[in-house]
Every structure is written in C-alpha cells, then in structure tokens.
> 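Mind having a look at this structure? Questions to follow.
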Amino acid sequence: MPELPEVEVVRRGLERWVSGRTIDTVEVHHPRAIRRHTAGAADFAARLKGLRLGVARRRGKYLWLPVTGGGPAAQTAAEGIGPLVTPSVTHGLAILAHLGMSGQLLVQPHDAPDEKHLRIRVRFDDDQDTELRFVDQRTFGGLSVHDTVPGDADQLPDVIAHIARDPLDPAFDDAAFHDALRRRRTTVKRALLDQTLISGVGNIYADEALWRSKLHYERPTATFTRPRTTELLGHVRDVMNAALAVGGTSFDSLYVNVNGESGYFDRSLDAYGREDEPCRRCGTPIRRRPWMNRSSYFCPRCQRPPRA
DNA sequence: ACGTCGACCTGTGGGC
DNA sequence: TGCCCACAGGTCGACG
C-alpha cells in the first residue's frame, strides 16, 4: 500500500493493535524481507525479542516503531552497569518498515492460516489472540532495526534521515519546498516523486494532485511562482486527506489495512488509471503516457504541456 | 547536482 | 489452452 494515505492507514492500525505490546518471538520466512538488516535473520530475531513497541510513527511512506527494553546492549545502558559502558549520547532503537510495492502488515489471530507470501511473523508476550505478520508478494518491502537519530523528537531511524518531511507533517516547510523547486532544473512530477524534497507522494497522488492543479507533469519547476506552489501543495494535501478519510486507494486485495480491508478512494480518482475515460472537468478523454518506466495520466485539455 | 536506466520480485491480464 | 509481453502503487545505486 504504497503511498502516504495507505501507509497512514496502516500506521493507525499498528498504533491501535500492537503499540505497547512486547515481542516474544520472531520468525523470518524470507531473507529479502530483512535485507536492510545487514546482520541477518538470526540477529534480527534475537534483537527483537523482549522489545516493547512504542507508538507507531510515519514519515512519507516509511513506518517505524520506537522500542524500549530487550536486547543486551539496551539492557546494559538501562541498568547503568557503570560509567565505562554508559554511552555519552543516548540513542534509541526503532523497527523500521517499508511496504514497497506490495507489502502488508497484518494483525492476525494465531490460528489464521499462513498467507502465501508470509515473510515475517512476530509473536507477542501477552494473552491477546493476535500476532503481527509482514506479507509481501514482490519482496520490495521489508523490516529492519536501526538506531534513532540522537535528540530527534520523532525518534527517526538514522537510515531514513535523508527522507523529507511529508505534506501532512505540521513541520513541513512550504516556503523551503518552494525555494527548492525554484533551485531545481527539473519538472514538477519528478519533483513530487523525489522523496528528498517532499515525501509520501507516489505515482497515483502525483497524477491526482497535478490534475487538480491543472498542471502538466512536464512543467519545469524553476519558474514556479509562490501562489502556484501553494496551490499545488494544497491539492496534494486535499487529495491525500480525502483518500485517508475512506481508507486509501485499493485497486485489488494487495492494498489493505492491518485487518485486511481495502480502501475506497479508487472510486474517486480523477486521472490515475482512467485512460480514455472522460475528464470530470471538461469531458476530454484522459490520456496515458509512458513516463520513467511507469505511466502518467492527465487531461490533454486541462493540463497543457509546456512549450518545448 | 541532475537525469536516466536497470535491478530487485511475483503476479495478472491482454493479444495471438 | 498456452505462451509471450507489458505492466503494476517503490527505492536504490551505477553511470553519464
């Protein structure tokens, strides 16, 4: 469930169903699902055992669970074994998740049959009837454990420090984003998909926000005016909030919340996936163009291409 | 510093 | 029916 609204739906599910619980055992069924965890599956499972999960967090399409307790290093620090082993900078740990193209985090009863693409199972040390499962058909997603950025209020895992804040983050800096657009010699859709400029926007919501803004995806950003940037950001936020309100976009059963349920925003899409269907503003058939190994959908009348 | 491309995977649907 | 190709919501690193 790749883009921000879908990931946020999952984050809310994790917060409700697994935050506050303590990990008992972890099974890794496929090594690719932990490939960011370079120390391997056995280390991954060992480090997770005994950890207590904090409140689920999200930046763009990344999810993480800050953790406390557990492993030997953390225990040593917590117990204050002595000044020689007490780190001068206290850093935390977090379990990082990215869903890739087809990842799911499911909270399932223990006796639910294993999914065909079950990659990781997390059992908890409590009496609740559920476990957490990472299921991923294409194995582009995965889980890993990382140090958090020292002093960071969000306990951001260090490996995603390069990911920009997302447009639903209250600390997102609109003016700085506008300045970055002006500095770049790139085009607007490329910029929207650049996770170091603005995170959480993927192919669907980029096309939807551009349609709402009446902007062609090849528009250069260097000449954007402040009002144009403001309007674009407004549409990005509006479309994401609208999708979030109905559980996100699900074209098929791959994109589900932690309870396996699909969202309904596919019915409300104006551009994405609507090739040859009439533009809801002007009736002109929506076009699809190959673009960067994927597709761009746009209205050829409402979204005029820039002069070459 | 930018852009482009391929790699990483499995599965589905259309055309023949 | 099968086979082949195009395509699918993402990210990263190599290369120019």
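Note on naming: letters A, B, ... go to the chains in the order of the sequence lines (proteins, then strands), and numbering restarts at 1 for each one.
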> Rounded to whole angstrom, note down the P distance from B:dA7 over to C:dC5.
16 Å

> Using a distance-only criterion (donor-acceptor N/O pair, under 3.5 Å, no hydrogens), is the base of C:dA8 paired with the side chain of A:Arg138?
yes

> Around atom OH of A:Tyr264, are there more than 12 heavy atoms from other residues, nucleotides or ligands closer than 6.0 Å?
no

> In whole angstroms, how far is the P atom of B:dC9 from the CZ atom of A:Phe140?
8 Å

> Starting from C1' on C:dG10, measure out to CZ on A:Arg32 and report it in whole angstrom.
12 Å

> Quickly work out the A:Asp194 CG to B:dT4 C1' distance and round it to whole Å.
14 Å

> OP1 or OP2 of C:dA8 less than 4.0 angstrom from a side-chain nitrogen or oxygen of A:Ser102, does that happen here?
no

> Using a cut-off of strictly less than 4.0 Å, decide whether A:Lys61 has a side-chain nitrogen or oxygen near OP1 or OP2 of C:dG9.
no

> The side chain of A:Gln137 lies closest to which of these nucleotides: B:dT10, B:dT4, C:dG9?
B:dT10

> Given C:dG9, B:dT4, B:dC2, which nucleotide is nearest the side-chain atoms of A:Asp252?
C:dG9

> Looking only at atom P, what distance separates C:dT11 and B:dG11, rounded to whole Å?
22 Å

> Round to the nearest Å and state the distance from A:Leu99 atom CG to C:dG9 atom C1'.
11 Å

> Can you measure A:Phe251 atom CZ to B:dG13 atom C1' for me and round it to whole angstrom units?
16 Å

> Just checking A:His30: base, sugar-phosphate only, or nothing, at a heavy-atom cut-off of under 4.0 Å?
nothing

> Would you kindly give the CZ-to-P distance between A:Arg288 and C:dA8, to the nearest whole Å?
6 Å

> If I pick the P atom on B:dG6 and the same atom on C:dA6, what distance separates them, to the nearest angstrom?
13 Å

> Could you label the plane-to-plane angle of the A:Phe172 and A:Phe177 rings as parallel, tilted or perpendicular, counting under 30° as parallel and over 60° as perpendicular?
tilted

> Could you tell me whether A:Arg16 atom CZ has more than 12 heavy atoms of other residues or ligands within 6.0 Å of it?
no

> Ring of A:Trp211, cation from A:Arg280 - is the NZ or CZ under 6.0 Å from the centre and inside 45° of the axis?
no

> With a cut-off of less than 4.0 Å, is there a side-chain N or O of A:Tyr272 near OP1 or OP2 of C:dG9?
yes

> Which of these nucleotides, B:dT4, C:dG9, C:dC12, is closest to any side-chain atom of A:Tyr62?
C:dC12

> Can you check whether A:Arg294 has a side-chain N or O nearer than 4.0 Å to OP1 or OP2 of C:dA8?
no

> Under 4.0 Å: is that the gap between some side-chain N or O of A:Lys116 and OP1 or OP2 of B:dG11?
yes

> Any side-chain heavy atom of A:Tyr272 sitting closer than 4.5 Å to one from A:Thr249?
no

> Between P on C:dT11 and CG on A:Leu96, what's the gap in Å once rounded to a whole number?
12 Å

> Nearest whole Å is fine: how far is B:dT4 C1' from A:Arg185 CZ?
17 Å

> From B:dG11, C:dG10, B:dG6, pick the nucleotide closest to the side chain of A:His117?
B:dG11

> What nucleotide among C:dC12, C:dG9, B:dT10 has an atom nearest to a side-chain atom of A:Arg36?
C:dC12

> Partner of C:dA8 by Watson-Crick or G-U wobble geometry, both contacts under 3.5 Å, or none?
B:dT10

> Do other residues, nucleotides or ligands put more than 12 heavy atoms under 6.0 Å from the CZ atom of A:Arg301?
no

> For DNA chain B, whose closest nucleotide is more 5', that of A:Thr186 or that of A:Asn293?
A:Thr186

> Any base atoms under 4.0 Å from A:Arg184, or only sugar-phosphate, or nothing? Heavy atoms, all strands.
sugar-phosphate

> Which nucleotide, in any strand shown, forms a Watson-Crick or G-U wobble pair with B:dG15, with both distances under 3.5 Å?
C:dC3

